Amino acid sequence: MLSTSDLLAHTLAETDFHPRLPQQRRLYEAAKAAIHKQQLGAGSKLPSSRDLARDLGISRNTVIAAFEQLAAEGYVHSELGSGTYVSDLQAHSASMRGVGSAPHTPRAAAPRSTAASVPLSRRGQALTSFAAGPRFEIQPFAPGDADFSSFPFKLWQRLQNRVWREARADLLDYGQSGGYLPLRQAITEYLRISRSVKVQVEQVMITSGTQQSLDLCAQLLADVGDTAWVEDPCYWGARRVFEARELKLHPITVDSDGMALEEADLATTPKLIYVTPSHQYPTGAVMSLKRRRELLEVAVRKQAWILEDDYDSEFRYTGRPLAALQGLDNDDRVLYMGTFSKVLYPGIKIGYLVVPPALINGFKSALYDLQRPGQLMVQAALADFIALGHFTTHIRKIRQTYGARRELLRRTLVHQLGAQLAQTVTISSEESGLHLVVELPDRVDDVALEKLAAESGIQVKALSTYYLAPPVRRGLLVGYAYCTPEKIAYYGRLLAAVIQSGVR
Ligand SMILES: Cc1ncc(COP(=O)(O)O)c(C=O)c1O
């Protein structure tokens, strides 16, 4: 049998340590591994520090430091005048169960459960059962993705450097009071001018994006079991949040004028109403003025909150951006939210939520208590980016690029599909957003076409998968913003072939 010195020498020689890891850490790791593998069992006596130092050819201080660390973490204990012994790791869990306690209970060495063996909560299981899994790599025609390569890196670097040079310690703190004030001021200005939002700076909260804005609304404005009206088809992100907060989802049909309330819907009483009125996600419908007024009236009557997700209104390729629903609200029932995910880049994780005056204090304190926001340095750079006019310039530039890509995709598909299919397939014609909807006849299995397209490296999404109720329309969501003209031309041809094969 190997002596303890030989065992540790062997482990040290065989383990692939980081080259800069100090000798005492190596010895500590080797001993810990031997204890975990029970090569050194409970009660085994370790050699004296002098002997082990000699056997391993290292200094005695190094051995003493490693032993001290092992003792501090409960792997070994020393008995006065006798030596150092391996502790009984099982004793800890026994004492935790109240079965009895060992004299030298290790602190950090309690047996750890593996992730697989930890049962999730009931809510956790429900949530993960439909989780999409890790984010996939963006492939041609993935809907919703913008072209981050057009981000003004150099300019951003200058703005960011300036903030860091100022060395303002207050910007290293959590983002208190709803976020960095100059950013909230810049957003207020932008929303008033570009989106006709009725807003004072106190109403603007900086969040880490729409997902967080929605989650805050769900937590603060609804209780478990309350009803949320959602558009059908619906943005999956909003659906997830409401499901996670255990709200009852009530799907409302969407037509070419947006959310279309029917008698049966009006018989229910929602706490929340989630809408994308400027550009319904995913169909692209713009909510008519009549419907907007009706919805506001219903919200007042039912004492419900409207959550207006204005996620991509910067991308309107002809005419002026449409006014927000919030601007028509005279009763403070609308919470308006926007994001920089699309206009700048998703990883910036900055969005904004405009709440009615009566909700300001509640939302501010919940934002702080529940989310602990931060990133004031980035918020400061973004505030400058907007205030100095770069934001408007950037939007103008990408709007042109995306508008041209949209047109190219449309032309490519129309041309490739040919006159015959033009009768049965409709390509959405509204001049905004980041994707087109290619609407297919009801009999076509759009999920099968999505899979078929994926085989050609194309990442379109089936329209039917966005429905809660049985789907009433079939089609494919085709993103173009991320695709260069060359890719649009090449993959557009492949996609047309996929569509042809499914429709014939
Ligand atoms: C309708 C809609 N809202 C919001 C978002 C994104 O918001 P955020 O990244 O700020 O959570 C998306 C992104 O795809 C979206 O489609």
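No hydrogens, no waters, no symmetry mates; every other heavy atom, side chains included, goes into these values. In this text the structure is predicted, and so the values were computed from the model without any measurement. As the structure lists them, so they are numbered: ligands from 1, and atoms in each ligand from 1.
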Any N or O of [X] closer than 3.5 Å to N or O of ligand 1:
{"X": "Thr339", "value": "yes"}
{"X": "Tyr281", "value": "no"}
{"X": "Gln211", "value": "yes"}
{"X": "Ser341", "value": "yes"}

Inset, instruction - Give the single entry among Asp309, Asp312, Asp310, Ile348 that approaches atom 1 (C) of ligand 1 most closely by any heavy atom. - result: Asp309
Inset, instruction - Assess the pair Tyr466 and Trp236: is the distance between their ring centroids shorter than 6.0 Å? - result: no
Inset, instruction - Give a yes/no on ligand 1: does Lys349 have at least one heavy atom closer than 4.0 angstrom to it? - result: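 Distance cut 4.0 Å: Lys349 fails for ligand 1.
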Legend entry - Close approach of Gly209 to ligand 1, heavy atoms, under 4.0 angstrom: yes
Legend entry - Structural part of Thr210 in contact with ligand 1, heavy atom criterion under 4.0 angstrom: both
Inset, instruction - Considering only non-hydrogen protein atoms, determine which one is nearest to atom 6 (C) of ligand 1 and report residue, atom name and distance to 0.1 Å. - result: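 Here the closest protein heavy atom is Tyr235 OH, 3.7 Å.
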Inset, instruction - Please write down residue, atom name and distance for the protein heavy atom closest to atom 14 (O) of ligand 1. - result: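 Answer, as residue, atom name and distance: Lys342 NZ, 2.7 Å.
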Got a salt bridge between [X] and [Y], using NZ or NE/NH1/NH2 to carboxylate O under 4.0 Å?
{"X": "Arg473", "Y": "Glu439", "result": "yes"}
{"X": "Asp310", "Y": "Arg195", "result": "yes"}
{"X": "Asp226", "Y": "Lys248", "result": "no"}

Legend entry - Donor-acceptor pair between Tyr480 and Arg405 side chains, under 3.5 angstrom: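 Note: Tyr480 and Arg405 side chains miss the donor-acceptor criterion.
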Inset, instruction - Please check if any side-chain donor atom of Glu314 sits under 3.5 Å from a side-chain acceptor atom of Tyr190, or the reverse. - result: yes
Legend entry - All pairs passing side chain to side chain donor-acceptor pair (under 3.5 Å) where residues 352-376 contributes a residue, at least two apart: Gln212-Gln371
